[in-house]
Number of protein chains: 2
Amino acid sequence: MSLRHQSVDAWPTRDRILYEASRLIAARGFHGATTRDIAEGVGIRQPSVFNHFASKQDILAELMVFDLTVPAERAEQLSFETVSPASRLYRYAAWDLRWYQEMPFDLRGMQEDLVNMPGMEEFQQALERWTKAIGRILDQGLAAGEFRADAAPFVPAILDTLSWEFVRSSHHHADDATRLNTDDGAAFVLRGLLVNPDDLEAVIGEVAQTGGRPGGGGTS
Amino acid sequence: MSLRHQSVDAWPTRDRILYEASRLIAARGFHGATTRDIAEGVGIRQPSVFNHFASKQDILAELMVFDLTVPAERAEQLSFETVSPASRLYRYAAWDLRWYQEMPFDLRGMQEDLVNMPGMEEFQQALERWTKAIGRILDQGLAAGEFRADAAPFVPAILDTLSWEFVRSSHHHADDATRLNTDDGAAFVLRGLLVNPDDLEAVIGEVAQTGGRPGGGGTS
DNA sequence: CCTACCGATCGGTAGG
DNA sequence: CCTACCGATCGGTAGG
């Protein structure tokens, strides 16, 4: 079912365009990734790309759904739940890192500034919603005395980077043995953030009790 | 003396080109930042840019010295010193974050992939030297039992991000009051990495004893 | 530091 | 999904 479980060559052309575009945008940036390069990677001629997407920007927009819209939705869900802030942040981080690890596309080129392009307002708002949702969880944790005030400002940027790191690792080591562990990544963030790092075990336990599953739909 | 202490308008044209280029590359990527935009920001005509730099890529190269060559040198220095690995990593992190905070240019557009462009081999090597030097300190800390094996793999990427975060904060809040604290950033990394986070105070103390100054030359 | 200009390459269209 | 093609824009040069 999932694209991840098939060889890229077996994907529909439309998905292969998304895949090649994501790799090239990650490698050279949006403006450096040309429609000719994308087409060449897919094995078609450049104008044929426009039979699947109305514009180059539409390819970007579809990739941004995976990078911004879906994570924003998940962060908002968790920001309104009732378990402890620490537990919710851990759950979000673990979900986020898994999301990027299992992502078939290479989203490292989806830089923040791209949402400022005309026509990308939808994703500008998704980014804002994500930032606010994470900010809510952080504020709740600060108010509850769970989080360190001198560490909280770094958390959004660190979640971002760890996401990229898991994309990178999933594209470089295909075998499960050398893969980075998503729970270790989430634990790293929490250890730096918690006033009492020794509470981490309990926080993780709380997650298991409320039955949080990494869940979320397919990728295509 | 330092560019940071003068208004941008008072800088020599060459430095203003570097400044505008750094901002545009951060905002749109190297290929999205055109020489016409750079010139417009400086207040000169597009061909005049080439009176100061032989090519657009030469502008990039000069910015990369600040982003890669200088930090690589500092990391290598520290990787061969004799104080504890934890203390050296803390010192590197604190130096690195200060370096980016005081940097007059916006280096957030200096993505890793740019070093793969033809002619940028020098910076590909600088990046490699940086990675190896940080890796050496991490390996020494793991061997000494100071660092957690499940946290060490995340450290290089997190140093990277925190650097960008300090660039961003220094470009957004000019006043010292709301500025992010570089020591807090370094402490965040160490708390996530140390087997015994309570040792952090001692690690910071060790730094003071060996008399490590943030030091390093000017910026221009 | 300017005006004038050029070859190459870009995203996208026409028409099958 | 292709060939043929186009207007716009790119980095860079000539010559003052």
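The sequence lines fix the lettering, A, B, ..., with proteins before strands; numbering per chain opens at 1. Hydrogens, waters and symmetry mates play no part in the numbers below; they use all other heavy atoms, side chains included. This structure is a prediction, so every number in the text was calculated from the model and none was measured.
Residues passing the side chain to side chain contact (heavy atoms under 4.5 Å, CB included) test with B:Glu128, sequence neighbours excluded: B:Lys132. When the side-chain hydrogen bond (donor to acceptor under 3.5 Å, both in side chains) test is applied to A:Asp150, the partners found at least two apart in sequence or on another chain are A:Arg148. With sequence neighbours left out, the side chain to side chain contact (heavy atoms under 4.5 Å, CB included) criterion links B:Ala75 to B:Tyr92, B:Trp130, B:Ala133, B:Ile134. Residues passing the side chain to side chain contact (heavy atoms under 4.5 Å, CB included) test with B:Thr34 are B:Arg36, B:Asp37, sequence neighbours excluded. B:Gln124 pairs by the side chain to side chain contact (heavy atoms under 4.5 Å, CB included) definition with B:Val115, B:Asn116, B:Glu121, not counting sequence neighbours.
A:Asp58 places its CG atom 11 Å from the P atom of C:dT13, with the value rounded to the nearest Å. Rounded to an integer number of Å, the gap from CG of A:Asn51 to C1' of C:dG15 is 13 Å. Distance CZ (B:Arg45) to P (C:dC2): 6 Å, rounded to an integer number of Å.
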Heavy-atom protein contacts under 4.0 Å, nucleotides 5-12 of chain D, coded B base, S sugar-phosphate only, - none: -----BBB

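Residues B:Lys56 and B:Phe30 have side chains in contact (heavy-atom distance under 4.5 Å, counting atoms from C-beta outward).
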Donor-acceptor pairs under 3.5 angstrom involving side-chain atoms of residues 39-52 of chain B: please list them, not counting sequence neighbours.
residue	atom	partner	partner atom	Å
B:Gln46	NE2	B:Thr35	OG1	3.2

With a 3.5 Å cut-off and sequence neighbours excluded, list the donor-acceptor pairs that the side chains of residues 60-71 of chain A form with protein atoms.
residue	atom	partner	partner atom	Å
A:Glu62	OE1	A:Arg14	NH2	2.5
A:Glu62	OE2	A:Arg14	NH2	2.6
A:Asp67	OD1	A:Tyr100	OH	2.8

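Using five terminal pairs a side, the axes of the helix from C:dC1-D:dG16 to C:dG16-D:dC1 at its two ends make an angle of 0°, given in steps of 10 degrees.
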